[in-house]
Every structure is written in C-alpha cells, then in structure tokens.
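Residue numbering restarts at 1 for every chain, and letters A, B, ... go by the order of the sequence lines.
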Amino acid sequence: MSEQAGASNFIRDIVAADHTSGKHGGRAVMRFPPEPNGYLHIGHAKSICLNFGLARDIPGGICHLRFDDTNPTTENPEYVQAIQDDIRWLGFDWKGKIFFTSDYFEQLYDFAVRLIHKGEAYVDHLTAEEMRAYRGTLTQPGENSPSRSRAIDENLDLFQRMRSGEFADGTYVLRAKIDMASANINLRDPVLYRIRHTTHYRTGNKWCLYPAYDYAHPLSDAIEGITHSICTLEFEDHRPLYDWVVEQAETPHRPQQIEFARLNLTSTVMSKRKLLELVEKKLVNGWDDPRLPSIKGLRRRGYTPEAIRTFCDHIGVAKRDAIVEMQLLEHFIREDLNKRSPRVMAVLRPIKIILDNYPDAQSEELEAVNNPEDPSAGMRKVPFSRILYIEQDDFREDPPKQFFRLAPGREVRLRYAYIIKCVGVTKDPQTGEITEIHCTYDPTTKSGASQEQRKVKATIHWVSEAHAVKAEVRLYSPLLVTDPAKIPPEHDWTSYLNPNSLERMTNCLVEPSLRQTAHGMRYQFERLGYFCTDLDSTSDLLIFNRTVSLKDAWAKVEKAQPAR
RNA sequence: UGGGGGAUCGUCUAGCGGUAGGACGCCGGCCUUUGGAGCCGGCUACCUAGGUUCGAUUCCUAGUCCCCCAGCCA
C-alpha cells in the first residue's frame, strides 16, 4: 500500500496554514503524549496517525513521542515498551525524539518556584474534601482558601519542604492562584503539585512531589517547542488553563492546543479503564486478546498496520462526537487482505464425502491459484483423493430456495477439481444424523482442463481426508451485544459482554500446505474469510484466528427467507 | 439555573452565499470455477422557527437536542 498524505481535516488546515505563514518559524512540531498506564488501542491509532501523519506530510515536520508519566501510582515500564512497539508496528517513527515528562521534573519545579515568586501560586493545606467544598459547584462560585493569602516566602519555604519529603501524602498541594469565582471550574485555583510518597518507575524515590497534568503538559510542550498540541475534546475547557500556565511560566515558546473528537466504535469498548478491567478480571485473555480493539489485540487478530492507517485516514478528524461502525474497520482490512493474502482451503465444520467412482488407491495433485488478485503469487498443488471433507453448511438434504450448493441429486464443482453429484447419504441409524455423503465425480470436468462449458451453480471448498491437517480455528464476534453508548451508566457494563465473542472450532481440517505456516501469517480461507496463524499455534496443533469473514451473500439470502 | 463544545444520508465525513459530494452500509443488476473479488445503477441528509439576501447548509436572531467539566487522574 503506498504511503499517501492523510486526508484533509480542520487540524491539518490549521497546521498547514501556520506552517505556510511562518507562524512558528516554519516549524511543525507535533507530539503524541501517552501516559504509560495501559496499552494503546485503535483510538490512540487515530491520534498517532494524525500527529505522526502531519509530521510526515509537512516539510520539516516532526512528531515527538512523549511519555506523560506524572502519576507514579499507575505507570510502569511494561507499558512504555508496549507503546513503543505498537507505534513502530503501526509504521511510525519518532526519529529519536523520545521524551519523558519525568525528565522535566527539575525544570518543572523551577517554573513552579517562579510562579510562587510572582504570587501566581500558593501552597494550600486544605484536605481534598475541604477543597471540593471550597470549589463551589457548576452554578455557584467557589470561595478562597484561607491559604490563598499566604506570604510568598512562606509558600516558597513550604514548597521546598514538600519536595524534601517533610509532609505526608495529601497534606499540602501547590495551587495556581487564578479565580475561585471563574465560571470555568478548571480555573478555580487548580492543583499544580501533589505529594505522593511513591516510587516512580523512572525517577525512583528522588521525588515525592509530582506535577499535575494541567501543569506538566503545557510546559512539556513548551520545553519541546511543540507547535500544535493536539488533544481530545474533553480538554477543551482546560485550554484557558493551558494558556495560563504557559503565559505565567514565560516560556520563550508558546504552543497551541487544538482539540478533536476521540474515536468510538460500535459494539466494543475503548476506554482505558474498561480495557484494563477486562484484562484484570480475566474476562479476556490479556491485552493482546484478538477480541480487543487494542493494537496488540488487532495485531494478533490479523489486522495489518496498513488497514488501520487507511481506516484512520477515512474516519476523518472533526469536533462532533461520533461512533464509527465496526463495519468500516472491517471493510478496510478486507480490502487490504484481499489484495495480499494467499488463498488456501480449510474446512471448519467437516462432513465426509465419498466419491464412489473414484479409485480407492488413487490420488492426484491439483493446480490451485494462490491469489487471483495477484498473479505473481503463483500456483500450488493441492492433493485430491476419494475421501474428502466439505463444509457442513455446503450440503442440505432438503435444500431451501436459492440454495445452490450440494444436495441429493445436485451437482457442484469442487474448487480446483471436478464436478461432483450427490447420489445418496449414509445416516447414523440411532440419531438419524448424516455421517457420509456419497457422490460421483465426472472425470471429464477437471478444473482448467475441461473444454465443455458445463455450468454448475456453486463451487465449494474441500480437503482430502488422507492429506488434511487437523487445526483449531478461533472465531471472534463483537465483544459487546450492544453499542457502548446504549448501555445505561447505572448498569454493570460487563453484563453486556457477548458470551460468544470467542468460539473455538477444534475439529477443523486444513490443506497440507499450511503445515509450513508461521505465527502471524495471513491467509484467505476460501469462501470463509481471512485468517492468521495464532501465537499459540505449534507444529503439533495449528491454530488460526479469523480476522474477518468474507462477505457472505448466501447468509443474507437465507436470513431474508421466511422460516421453514 | 454556570461554563465550554457540537448538530449534514442508517454510520463517518466534505462543503466557507450559487441550490448538497465521497466512503461504509443497504437495495437492484452484470460478471464469476470463492454466493469472494470486480463492475454498473439506485437509496436516504442540511435540528427547528424566524430574519438578511435575487439566492442560505453556509450570515443574523431565538429556540431545541446531544456531549464535556465540580480528581490531589490524564
């Protein structure tokens, strides 16, 4: 897939215009600022594609990776590593510009001292509960804390002692002195620093004083010379605070915050909190569970970075809340995999076929096309013999209307092989269940070699009993039985989890060429969908994940039919 | 009843005063040794009401609805 410039949107317009006008000296410096307290998901991919895509498309543009690690209680190096892996896998490069807010702690502290000197910040002794009471409500102004008038020297002294570890968690905070009556609650003297006697995964025990997001983020942006600081909508009313911090700190560079709507998808969860909950409660099998919209999950499921990027380019960037249909994501992975994945035959729910007129001891190697979309993919041999398996769905003893597949007395083509005709079935005398389908094959109809133009309504896939390889195939359905937006907040959202989101098919049979597979290899199982070899797969037991099904016209027809 | 945002096909999204475009989806059809892929055609939208204007999705006014904000989370 060629790397094209991302689609136009209002943020690209702003950045491009600023770049052209020379507003930031012709620089375009973006940043992707994850907190290392969880794994990346496709919502992050939207942001990554936006920020790194902008850096890629604007001459001289660059995008920093900055870990916003200001809260030692939730962050750890495992996440730092995973986040880097995922960004690289998605195909983006921070070109050595990797930063950590924790590296700025000393500078941030100095800025705070400056703020105190200027009388723009003060140390407060209110408890969290008291502070809430003083803050007022959405409709009522807050009241000044008694500490608000504390002398500058005393503030300086207390702040230094906060740093030195003299006080317990929660006893003192540093607050900005802005306006307790502001209609914007974020401006009612927000907390800039809090005490946390917790070991930080990078700074260890050097600090017990940690800056808050609203303070650390704008200054980190300013320190790095970020020109456009892109974040999601919920930070829109933090922008006045962002600007206030940068203004008061008198940094030489003033970044600009721009907000856009985060990505939501139907029938899945996207919040870090909920994803964490699924993982911790073992409702899924880890961060890379293929049912999750995490990057690791999508990757294990068989999604390609190209498809995810194309998706991100197509959903657009705007300010209105939106829920994108999962079908759109599925469309782009199908489109990508259709072009690049080799075709193979696999039978998920096998039922035995016996070709009564095919010689018992005989077998032959048939020529099969690896990818009709890509002639360079070449051909392969598929073994054929008297006893075969086909998909249970491809046979009906009593076929409904418009069912084109095999049924008593009917003919179908076996893919790459012959036209066969069903001449009877064998049933289990106890259960009445069909155990074998008897067919005859027409040797004159061998695939490719037939001159006659005999038409059959359907071509079905198959494997040869003597040659097939047993496999497990994991089918995935939506994680939720409804759209996340439809779950009432008072309900336990986990009760809306789809109990059948994972279906393990353990009696599958695949063509022998798949013996050579390796983890992560992607295929189209003909007529079924796109699959990839799972991490759990071994040479003793092949395991495949269904990435996405093929579009199934018959399923639609059948569904539309009146019940029989 | 405070503040900040947002409302365009079923779903995303474009449009920047000249009469609504694209993608997904859906519905037909063609084609097909994957009921796949591909191709062709169709479907449905400017939150409401006034106003300005020759002309309004775009500008103005008044409403309506939706989202976010009262963490020492980010």
Side-chain angles (χ1 to χ4, degrees), chain A residues 7-9 33-35 37 68-71 73-74 124 126-128 131-133 135-142 169-175 182-188 190-196 210 212-214 216-217 231-240 259 261 263 266 272-273 311 314-332 334-335 338-339 343 345 369 371-373 402-405 412-417 419 445 447-448 450 455-461 485 524-529 549-558:
Chain A
S8 172
N9 59 59
E35 183 188 11
N37 69 347
D68 207 356
D69 52 356
T70 58
N71 184 354
T73 58
T74 55
D124 203 346
L126 253 29
T127 64
M131 205 179 288
R132 193 178 311 131
R135 187 151 37 222
T137 68
L138 292 179
T139 52
Q140 293 168 311
D169 290 8
T171 52
Y172 286 98
V173 290
L174 183 73
R175 300 179 73 178
S182 174
N184 181 346
I185 287 185
N186 296 299
L187 264 21
R188 317 241 264 231
V191 169
L192 267 24
Y193 271 92
R194 72 280 207 195
I195 298 170
R196 286 249 196 295
Y210 292 94
Y213 168 87
D214 282 319
H217 203 91
C231 64
T232 43
L233 250 28
E234 67 269 28
F235 294 105
E236 207 152 16
D237 50 14
H238 291 235
R239 195 184 336 127
E259 310 85 12
L263 170 65
T266 55
K272 268 186 170 182
R273 199 207 98 225
F311 170 74
H314 279 79
I315 53 176
V317 176
K319 293 193 71 158
R320 72 182 85 107
D321 298 305
I323 303 181
V324 176
E325 292 176 338
M326 193 64 88
Q327 294 155 114
L328 189 59
L329 214 209
E330 293 181 343
H331 164 75
F332 289 111
R334 281 195 190 100
E335 182 182 72
N338 174 50
K339 280 179 285 186
R343 269 97 242 235
M345 291 197 286
V369 174
N371 186 350
E373 304 290 318
Q402 295 184 78
F403 183 85
F404 301 153
R405 281 109 92 144
V412 295
R413 173 174 289 283
L414 293 176
R415 182 78 160 147
Y416 304 121
I419 291 176
T445 59
S447 187
S450 69
K455 294 284 183 190
V456 288
K457 295 278 263 183
T459 298
I460 64 175
H461 60 278
Q524 184 196 99
F525 288 2
E526 291 215 34
R527 304 206 305 135
L528 297 176
S549 67
L550 244 26
K551 282 199 263 180
D552 187 347
W554 163 241
K556 260 183 201 176
V557 172
E558 189 178 33

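Checking B:U33, B:C72, B:A74 against every side-chain atom of A:D68, the shortest atom distance belongs to B:A74. Of all nucleotides listed (B:C24, B:C72, B:G35), B:C24 comes nearest to the side chain of A:E325. With B:U11, B:A70, B:G3 as the candidates, the nucleotide lying closest to the side chain of A:R135 is B:A70.
A:K339 has no side-chain polar atom (N or O) that falls below the 4.0 Å cut-off from OP1 or OP2 of B:A37. OP1 and OP2 of B:G35 both lie 4.0 Å or more from every side-chain N or O belonging to A:K556.
Residue-to-nucleotide contacts include no donor-acceptor pair under 3.5 Å from the side chain of A:N184 to the base of B:G4. Taking only distance into account, the side chain of A:R239 never meets the base of B:G4 through a donor-acceptor pair shorter than 3.5 Å. The base of B:U34 does not come close enough to the side chain of A:R527 for any donor and acceptor atom to sit less than 3.5 Å apart. Residue-to-nucleotide contacts include no donor-acceptor pair under 3.5 Å from the side chain of A:T139 to the base of B:U1. A donor-acceptor contact under 3.5 Å links the side chain of A:E373 to the base of B:G36. Put simply, the side chain of A:Q524 and the base of B:G36 share no donor and acceptor less than 3.5 Å apart.
Ring pair A:F403/A:W554 is perpendicular by interplanar angle, where above 60° counts as perpendicular and below 30° as parallel.
Base pairing annotation: B:A23 forms a Watson-Crick or G-U wobble pair with B:U11, both donor-acceptor distances under 3.5 Å.
Nucleic acid contact for A:Y210: none, since no nucleic acid atom lies under 4.0 Å from a heavy atom of the residue. Within the 4.0 angstrom heavy-atom criterion, base atoms lie near A:P372. Residue contacts for A:R334: at a heavy-atom cut-off of 4.0 Å it reaches no nucleic acid atom on any strand shown. Note on A:L138: a base of the nucleic acid sits closer than 4.0 angstrom, heavy atoms only. When heavy atoms are screened at a 4.0 angstrom cut-off, A:Q140 is found touching no nucleic acid atom at all. Base engagement by A:R343 is indicated by at least one non-hydrogen atom pair under 4.0 Å involving a base atom. Nucleic acid contact for A:R415: base, since at least one base atom lies under 4.0 Å from a heavy atom of the residue.
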Are any protein N/O atoms closer than 3.5 Å to N/O atoms in nucleotides 13-16 of chain B? If there are, list each pair with its distance.
unit_1, atom_1, unit_2, atom_2, d
B:U13, OP2, A:R320, NH1, 2.9

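Using a 90° window around 0 for the glycosidic torsion, B:G71 falls inside it and is classed as syn.
Atom P of B:C9 sits at a distance of 10 Å from the matching atom of B:U48, rounded to the whole Å.
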